[in-house]
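First comes the structure, then the notes that go with it.
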Amino acid sequence: MSESRDLWQDSMDHAVAVARKSGEMIRAAVQNQDRSSLVQTKSSAVDLVTETDQKVEQLIIQSVKSKFPTHKFIGEESVSSGEPCVLTSDPTWIIDPIDGTTNFVPRVLGGVVLNSDTCHRLNARVVYSAIEDKMYTDAERGPFVTGRPPAGSSQTMFTKRWWPQSSAQQDPDVVDKIFSSLRNVLTLLCTGIRGAGSAALNMCAVASGSVELYYETGIHVWDVAAASVVVSEAGGVLLDTTGGAVDLMSRRIVAANNKTIATRIIQQLQVYSPERDDGVTDGK
Ligand SMILES: O=P([O-])([O-])O[C@@H]1[C@H](O)[C@H](O)[C@@H](O)[C@H](O)[C@H]1O
Ligand SMILES: [Mg+2]
Ligand SMILES: [Mg+2]
């Protein structure tokens, strides 16, 4: 085994182990009737964080630091507390301790509370649906081949549901663009629309072939970093909502079963551009 393969395997093993520990913490919090009293807000009154999000992120960071002291981090709650959101060429763990906090708070569960993390540059990644106890780690096994054609199939009709999603928006112009895009795509033949309340789980649904498409603007790098690797490895397609190559810091993403489906939807979308996660403004 090469040195980089060893590091990849070590990182994957560690990510899986710490995701399982995080899952125990999340499930214990779900049993705790009082946890909604620990909810705070971040960038706006509808941007929620709980004590569990913060504790899980610290658990992951401390655990990874003790195993890989030189690795870097981009964590949702750390960035929210003022840490930089910068991707360098160093191995970097991109952490979303709970993806789907707005479901976690009122205990609307059903598999939408999860932990995702990824070690950028090694492509080690884990998306763990803590409530379902389902680990999305390997495109060759597990949930990806349970009788459904996975992403990457040649199916080009919308025979299944597809999942657009939007986080809360305060800007009426942006809301107009969201509804206009939705009106355009609803006129295409599809069997229905859904949203799990978790960007990462929506993308894993594309990877596993449960749905054909997911798109969203306003997500952050930690919402989609790990799941992007899962989609790619399952043979799916990732693009920017502009039709260009996906840029994880741009906060825009389309994940689809194949390029034909992605392109048909992109033609219907009205593009808007939230402030990038890395703060870069030059022409993007
Ligand atoms: O805040 P969080 O629960 O980690 O992540 C959110 C979820 O993925 C949600 O589905 C998506 O619509 C938001 O854009 C994300 O920010
Ligand atoms: Mg998230
Ligand atoms: Mg989160």
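Residue numbers count from 1 along this sequence. Computation of the quantities below employed the complete heavy-atom set of this structure, encompassing side-chain atoms and omitting hydrogens, waters and symmetry-equivalent molecules. Atoms within each ligand, like the ligands themselves, are counted from 1 in listed order.
- Note: an N/O pair closer than 3.5 Å links Asp99 and ligand 1 by distance alone.
- Listed by number with element, the atoms of ligand 1 under 4.0 angstrom from any heavy atom of Asp223 are 4 (O), 5 (O), 6 (C), 8 (O), 15 (C), 16 (O).
- Residue contact check for ligand 1: Asn202 places no non-hydrogen atom closer than 4.0 Å to it.
- Of all N, O or S atoms in Asp223, the one lying closest to the Mg ion (ligand 2) is OD1.
- Listed by number with element, the atoms of ligand 1 under 4.0 Å from a non-hydrogen atom of Asp96 are 4 (O).
- Put simply, the side chain of Val254 reaches to within 4.5 Å of the side chain of Leu213, judged on heavy atoms.
- Shown in contact with Gly197 at under 4.0 Å from a heavy atom are these atoms of ligand 1, numbered in order with element: 7 (C), 9 (C), 10 (O).
- Against a heavy-atom cut-off of under 4.0 Å, Ser198 is close to the following atoms of ligand 1: 8 (O), 10 (O).
- Between Arg251 and Glu275 there is no salt bridge, since none of the side-chain N atoms of the basic residue sits less than 4.0 Å from a carboxylate O of the acidic one.
- Annotation for ligand 1: atoms under 4.0 Å from non-hydrogen atoms of Glu76 are 1 (O), 4 (O).
- Under 2.8 Å from the Mg ion (ligand 3) lies no N/O/S atom of Glu77, from backbone or side chain alike.
- Using a 4.0 Å cut-off between charged nitrogen and carboxylate oxygen, Arg20 and Glu24 do not count as a salt-bridge pair.
- Closest N/O/S atom of Asp99 to the Mg ion (ligand 2): OD1.
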Checklist entry - Step by step, would you call Glu57 with Ser78 a side-chain hydrogen bond (donor to acceptor under 3.5 Å, both in side chains)? => result CA-CA 8 Å; Glu57 182 159 318; Ser78 308; 2.5 Å; yes
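- A donor and an acceptor atom, one from each side chain of Ser63 and His14, are located under 3.5 Å apart.
- The distance criterion of under 3.5 Å between nitrogen or oxygen atoms is met by Ala199 with respect to ligand 1.
- Remark: ligand 1 and Gly100 share an N or O pair separated by less than 3.5 Å (distance only, no angle test).
- Scanning all heavy atoms of the two residues, the minimum distance from Tyr215 to Val185 falls at OH-CG2, 4.0 Å.
- When each of Ile178, Thr241, Asp173 is tested with Tyr272 by the rule side-chain contact (heavy atoms from CB on, under 4.5 Å), just one qualifies, namely Ile178.
- Restricting Asp96 to its N/O/S atoms, the shortest distance to the Mg ion (ligand 3) is reached by OD1.
- Of the heavy atoms in Asp53, none comes closer than 4.0 Å to ligand 1.
- No salt bridge links Asp247 with Arg252; every basic N to acidic carboxylate O contact stays at or beyond 4.0 Å.
- Minimum-distance N/O/S atom of Glu76 relative to the Mg ion (ligand 3): OE1.
- A 4.5 Å side-chain heavy-atom check between Asp240 and Ile253 finds every atom pair outside the cut-off.
- Per-residue contacts place Ile219 under 4.0 angstrom from the following atoms of ligand 1 (heavy atoms of the residue considered): 14 (O).
- Using a 3.5 Å distance cut-off with no hydrogens or angles, the side chains of Gln270 and Ser180 do pair a donor with an acceptor.
- At a cut-off of 2.8 Å, Ile98 is counted among the residues with an N, O or S atom near the Mg ion (ligand 3).
- Residue-environment remark: CD (Gln62) exceeds the threshold of 12 foreign heavy atoms within 6.0 Å.
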